[in-house]
Amino acid sequence: MSTPYELEMDLRWSDQDAQGHVNNAKIVTLAEESRIRFHQFLASQRQGGGEGGSIVVARQEIDYHAETRYAPAITLQVSVVRIGTKSYTLRQRGIQNGRPVFTVDSILVWLDGSGSSRALTEDERVELEAWQLPEGES
């Protein structure tokens, strides 16, 4: 699928710093919120319970492309960049005025009930593949 999961999120007055930019720490929170909503969407579409466990962020990388300004809302896009054996990478992108203002790549790992990483199930792989960016697209 070449179309990312997309949502509009309201920004809060307190998200900005003294210069009127959305604070860099708030960018991390926006990325987190978009990941949570993406996973909630996947769970709502799922046929059956899934294997369970919890998802943790193993690594996160942020690129700031332009100032993110306080405005009523920001468009957030979530896509799958890579699917490994025990981890996968989500790309969360913030869009304002039709252009990317930040990109956050997050490597996520599923943990089992004991807190150890576990392999992705075949159903999880298929679910993620539906949102994977085409080869060479970034």
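Here the structure is a predicted model, which means the values were calculated and not measured.
Taking 4.5 Å as the limit, every side-chain heavy atom of V101 sits out of range of all side-chain heavy atoms of H65. Side-chain atoms of R12 and K26, non-hydrogen and from C-beta on, do get closer than 4.5 Å to each other. The shortest distance between side-chain heavy atoms of I36 and Q40 falls below 4.5 Å. Put simply, the side chain of V28 reaches to within 4.5 Å of the side chain of I62, judged on heavy atoms. Residues E32 and V57 form no side-chain contact, since every pair of their non-hydrogen atoms from C-beta on lies 4.5 Å or further apart.
The CZ atom of F41 sits 4.5 Å away from atom CH2 of W131, with the distance rounded to the nearest 0.5 Å. Remark: R35 CZ to L76 CG distance equals 11.5 Å, nearest 0.5 Å. Rounding to the nearest 0.5 angstrom, the gap separating the CG atom in N97 from the CZ atom in R99 is 7.0 Å. Here the NZ-CD1 distance, from K86 to I107, works out to 15.0 Å after rounding to the nearest 0.5 Å. Note that CG of L90 and CD of Q77 are 13.5 Å apart. Values are rounded to the nearest 0.5 Å. The structure places CG of L11 at 6.0 Å from CG of L30, a figure rounded to the nearest 0.5 Å.
For the pair E124 and R118, the salt-bridge criterion is met [side-chain N within less than 4.0 Å of a carboxylate O].
Nearest heavy-atom pair, A58 versus V109, reported as atom, atom and distance to 0.1 Å: CB-CG2, 3.9 Å. Closest heavy-atom contact between L120 and G84: CD1-O, 3.5 Å. Across all their heavy atoms, I74 and G94 have their closest contact at CD1-CA, 4.2 Å. Residue L7 comes nearest to M9 through the heavy atom pair CD1-CE, 3.5 Å, listed as atom of the first residue, atom of the second, then distance. Nearest heavy atom pair, residue Q132 against residue V81, reads NE2-O, 3.6 Å. Nearest heavy-atom pair, L128 versus I83, reported as atom, atom and distance to 0.1 Å: CB-CD1, 3.7 Å.
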Test log, rule side-chain contact (heavy atoms from CB on, under 4.5 Å), inputs V80 and E129: CA-CA 7 Å; V80 176; E129 286 169 357; over 6 Å; no
Evaluation steps, side-chain contact (heavy atoms from CB on, under 4.5 Å), between L111 and I55: CA-CA 6 Å; L111 300 180; I55 304 170; over 6 Å; no
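Among residues at least two apart or in separate chains, salt bridge (charged side-chain N to carboxylate O under 4.0 Å, His left out) pairs with a member in residues 60-71 are R59-E61, E67-R69.
For the residue pair S87 and R82, a side-chain donor N or O sits within less than 3.5 Å of a side-chain acceptor on the partner. When only modelled atom types and interatomic distance are considered, Q92 and S34 share no side-chain donor-acceptor pair under 3.5 Å. A side-chain donor-acceptor contact under 3.5 Å links S114 and D112. Donor-acceptor pairing under 3.5 Å is lacking for the side chains of R91 and T103.
Q96 meets the side chain to side chain donor-acceptor pair (under 3.5 Å) test with no other residue; sequence neighbours excluded.
Taking the six-membered ring where the residue is Trp, W13 and Y70 present perpendicular rings, their angle passing 60° and hence far from 30°.
Between F102 and Y64, the distance separating the two ring centers is not shorter than 6.0 angstrom.
A donor-acceptor contact shorter than 3.5 Å is absent between the side chain of D123 and the backbone of V126.
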